[in-house]
Structures are given as C-alpha cells and as structure tokens.
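Comments concern the structure below.
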Amino acid sequence: MGVLILHLLYVVAISAEAMTAALAAGRRDMDWVGVCLLSAVTALGGGSVRDVLLGHHPLIWIVHPEYLVLTAVSALVTIAVARVIHHLRRLFLFLDAVGLVLFTILGCNVAMEMDMPVIVIVVAGMISGCVGGVLRDILCNEIPLLFRSELYASVSVVTGCLYVLGLHFGLPHDPVMIAATALGLTMRLMALRFNWQMPKFVYQRDLH
Amino acid sequence: MGVLILHLLYVVAISAEAMTAALAAGRRDMDWVGVCLLSAVTALGGGSVRDVLLGHHPLIWIVHPEYLVLTAVSALVTIAVARVIHHLRRLFLFLDAVGLVLFTILGCNVAMEMDMPVIVIVVAGMISGCVGGVLRDILCNEIPLLFRSELYASVSVVTGCLYVLGLHFGLPHDPVMIAATALGLTMRLMALRFNWQMPKFVYQRDLH
Amino acid sequence: MGVLILHLLYVVAISAEAMTAALAAGRRDMDWVGVCLLSAVTALGGGSVRDVLLGHHPLIWIVHPEYLVLTAVSALVTIAVARVIHHLRRLFLFLDAVGLVLFTILGCNVAMEMDMPVIVIVVAGMISGCVGGVLRDILCNEIPLLFRSELYASVSVVTGCLYVLGLHFGLPHDPVMIAATALGLTMRLMALRFNWQMPKFVYQRDLH
C-alpha cells in the first residue's frame, strides 16, 4: 500500500517536473520536439546524474522506458492546455515541491542501499532533487535558479538530513519518511509563500 | 566491405562534425586550443554521453584514441583553410547530415547489442546523433539549436525508428540500414532546403 | 613523506579552487548555498568527469566525503573574509596554478593505473585539471575561459606530456613528477605575468 502510494506520487512528481519544464521551454520559443526533450531531461536528469556519479546502473529510464514516454506526453499536454494553465499555478508549485522532496528521499534511498557514507547519502538526495532543474536552466541558457533563490537546495538538504538521521537512530522507516517529507514540503511552501531567501554573497572585484 | 564503408563514413562524419564545431568556435574568438577542444567534444560527445548513460565502457575514444587526434587535426585544418571554407558550405551541411544519420544508426546498434528496450534503443540513437551539437551550443553559451529548429532531433528519431522497426520485423540488416540512412538523410536535406520547422510552443507568462 | 606532501598539496589545491569559484559566485549574486555548491562542483568536478568517462568508480568524494565538507567550508570562509581577499590576489592565482598542475598529474596517474593508451592518459590529466573551471563557467552562464585565454589547457597538456614521457623512458617517478610540476607551474605563472595568449581563430561568416 505504502509502496503503491509512493510510486503514484513519483509518477505525479515526474509529470509535474516535465510540465514546469515545458512552460520554461515555451518562454524560449522552443519547438515541440525541444519541449519534449527539455521535459525529459528536467524530470529524469537529476536521477540520471546521481546514478552516473554513484555508478548505479542501469538508470531508471532504462529499466522503465515508459517514464520517457510519460515526460513527453506531459510536455505535449502542457502545450495543448497552455492557455488555461496559469489558473493552475498554485497546483504546479505544490506538485513541484512534492517532486523536490520525493526525489530527495528516493535519491537518499539509492545511496543508502549502496552503503554510502552519510554525507554522500544526503548529497545523492540533493542531486536527485535539484539537478534536473539545473540542467533545465543550463539548456535554457540561464544561471541556474538553484544557485540564486528560494531555498530549493536547502529544502533538499534538510529533508535528506532528517531522513538519514531518523533512520540512523533506529526509528521505523515509514514514519521517518513521512515526517521528513512533511517537514521538507512545509519548508518549501513557506519559502514560496513568504519569499524566504538565503543571504546572498555579493563580490564585485575581479580576481584577474 | 560493408563494414569498411561504414567505418570510412564514420571517420568522415567525425571530421565533418569537428569542422563545423571549429567554425562555431571561430565565431566566438576562441583560441586554437579552445577550437580543438570544442571540436573533440562536439564530434565525440554524443557517443560519450550515450555510453556513460548506458554504462557501456570503455568509451570509443578510449579504445581508439586516434579519433581524438582526428578531431584536433580537423579543427586545425579548418583554421588553416577558413578563408575558402564558405565555398564548401553545401558540402559541410551534407556531411553534417550524414553524421547525424550515421551516429544515430551506430547509437541504436550499441543499445541493441546491450539488449535494451525499443524506446531506449531509439533514445540512444538520438543521444548519439544530437548531443554533440547540444554540448557545442552550451559551451558556446547559446540555447541549443536542437531545441529550436531544423528537425534535427526528429530526423534522428525517424531514422532510429525505421531502423529498429525494420530489424524487429526480421528484415535483413544491410538493406534496413541503407533504407533508414537514405530516408533520414533525405528528410534532413529537405528540411534544410525548404526550411521545414516543427511548430513552436510560445508561452509568455511566468510561473513564479 | 612524499605522499604526505602530495596529499597536503592536494587539499590546499582543492581549497584554492573552491575559493576562486566562491569569488566567481559572488560576482553573480548567488546565495550562500549556491556559493557552496558552485565551489564543490568546481573543485571536484574535473576529477568526477574524468572518473565517469574512464569508468573509474567509486569517485574520490564518495570515498572521501570530507572533501565535500572541505569545499563548502572553503566557500563559507571566502564569504567571511571577502572584504580583504583582494590583498591575497597573487596568492590565489599561485594556488590556482598549483591546483591546475597537481590535478593534471593526479589525473594522469589514475589513467595510467588503468593501463590507458598514452593519448588518453594526457587527456585524462587535462580533464582533471581543466573541467572544474569549465563547469564553473557554464553554471555562471559564460563561455568557458578555458576556450579563450591564458594557456590554461596548454599548460595542462604540456605537464601531462612531460610526466608521461619521463616515465615512458624509465626515469624514476619522483624526479619526473617534480620536474613536470615545476615546468607546468613556471609556464602558467609566466603566461599570467606576461599575458601570453594562444593565437585566436576568428571566423565571422555563418554556416547556415
């Protein structure tokens, strides 16, 4: 039952990531194929980079190529309903936050099953949660949003730390996962609502 | 005989990719070393990304380091003959199209030998054919052309699908390969000639 | 003793790379988390890309996650002392040059232990030495400096070639390494001092 819900949430989160990427593509006049590609890279890129760095083969979309189809279909649906999509703005931001937290937990899990050190587990979670968006921003020729705003990476690190610490202290898996997810989600939504930001580092001189 | 021609075409295609990358480098005032590096990444990057994602080691340029030399030499030749190269514009675009189709077929082959699912085989072909150009555009600080124009990715997908379907239905390898190559090449050249484009997705609102 | 010094130098070089990346982040108004991430990617990205391409697992920061902590701490220290850091400009450029040469040697070593062909060994050294800075520039949305100036890649190739050739001719390891390091370092510092540049390739026509 728990596994089924998790799987369902994962599918929803991948679709949501793909759809937000499609909207980003639309702001840069990409063609339909470009939109599908950008969606696939954004939704599946974080997990792929994590697996390549950890040496964890085969990648998820190689075992489940239907996820590739899912991201492409999500992108095409986004194109079809673009005119009304801004009414769903809040829903999208919520699903995007769910995706961030969920991808983080799943990323931690992969590293945990490979018996990685604690720091690597948390980093693996962060890579899963955040790198998809970084790839999207690089392909759109922008400085990744991740580096500039919105506690995105911080939410991922906090979620991962809670999850790892809870399990480390022998607490049962499901409650720990639900607590970490709930707290990460709350933090992200409050960051969006109150426009929380990390302090910025501004340095104007040139080293060269 | 067939293998020899294929190998020869591959070498020609790598050189052509390297030379078009060198011209792109020249438009951004890169120095000679930068030109060679960009050429190598463009010509060999697609296959490398495919192999890293599939977990298919060792990479082609590790087994055949002479390809690294070939791309660097192609880049230097381009610098030497740059003044007359625009007379060869049509030849370049033709060789670039040959490269796209050929890299696609070879990429499908690698995934096929690893017994990957059909969708992954087609995606592997597309990564081989298109990602080199994406890396070139990222390193030149531009939105990848692939996402915006010219049916580049579509040609690759169509070529890959034809090839995979033909083999799937038990047709003999060489005719299937020749047919897929010819059709992909025709599609690409007609796209160039008649300026075919995919419809674009334009969306101006900001999600945030 | 020699190993201890090499290890110490490596730690110093990683910190120096992380700190120069932090300064680059400061020029783009990144937040504190962004600064830490950019520092980690810059300092450890070259070695990671090399290992992923060579299929050399596990990566260094997976075996030694303390290096991840080191880069983040270096980034935070940079933020704390940013106001006085321009007085240390020369020291930074020197440490950055040490890092370039040292990462190159270590990269060559990894490929050598895997019995790679000579060209691949030199390329592995160059990837280790240079790719971190390329990733930094891509994430900062700039054309990588590597492609445009300062003999950075050339220094790496020369260092790697000297090292590989010396060992190939049966000379003892430590003197060869010290000689290659010294020559690479001298070349880089003279390039900085006298503003040496590779000739540039300028080509204005458009292929399309």
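Per chain, numbering begins at 1; letters A, B, ... match sequence-line order.
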Within-4.5 Å side-chain heavy-atom neighbours: Gln197(A) and Asp31(C): no
Max heavy-atom pair count under 4.5 Å with chain C, selected residue of Glu142(A), Met116(A), Met126(A): Glu142(A)
Name the region of Val49(C), side chain, backbone, both or neither, that has any atom closer than 4.5 Å to a heavy atom of chain A. neither
Please flag which part of Val123(A) lies under 4.5 Å from any non-hydrogen atom of chain C: side chain, backbone, both or neither. side chain
Counting heavy-atom pairs under 4.5 Å to chain A, which of Val52(C), Leu38(C), Val69(C), Ile62(C) comes out on top? Ile62(C)
Chain A contact via Val33(C) - side chain, backbone, both or neither, heavy atoms under 4.5 Å: both
Got a sec: does the OH of Tyr10(C) have more than 12 other heavy atoms crowding it under 6.0 Å? yes
Which bit of Ala82(C) comes within less than 4.5 Å of chain A, counting heavy atoms only: side chain, backbone, both or neither? both
Out of Leu53(A), Ile119(A), Ile138(A), return the one with the most heavy atom pairs under 4.5 angstrom to chain C. Leu53(A)
So do the side chains of Arg27(C) and Val202(A) get within less than 4.5 Å of each other, counting heavy atoms only? no
Here the gap from Leu139(C) atom CG to Asp137(A) atom CG, rounded to the nearest 0.5 Å, amounts to 10.0 Å
Shortest non-hydrogen separation from Thr78(C) to Phe201(A) and the atoms involved: O-CZ, 4.3 Å
Does His57(A) NE2 have over 12 foreign heavy atoms under 6.0 Å away? yes
Which answer fits Pro199(A), side chain, backbone, both or neither, if we ask what part of it has an atom under 4.5 Å from a heavy atom of chain C? both
In terms of heavy-atom contacts, Met30(C) and Ile143(A) come closest through CE-CG2, 4.0 Å
Where does Val118(A) contact chain C at under 4.5 Å (heavy atoms): side chain, backbone, both or neither? neither
Tell me, yes or no, whether the heavy-atom count around His168(A) atom NE2, taken from other residues, nucleotides or ligands under 6.0 Å, exceeds 12. no
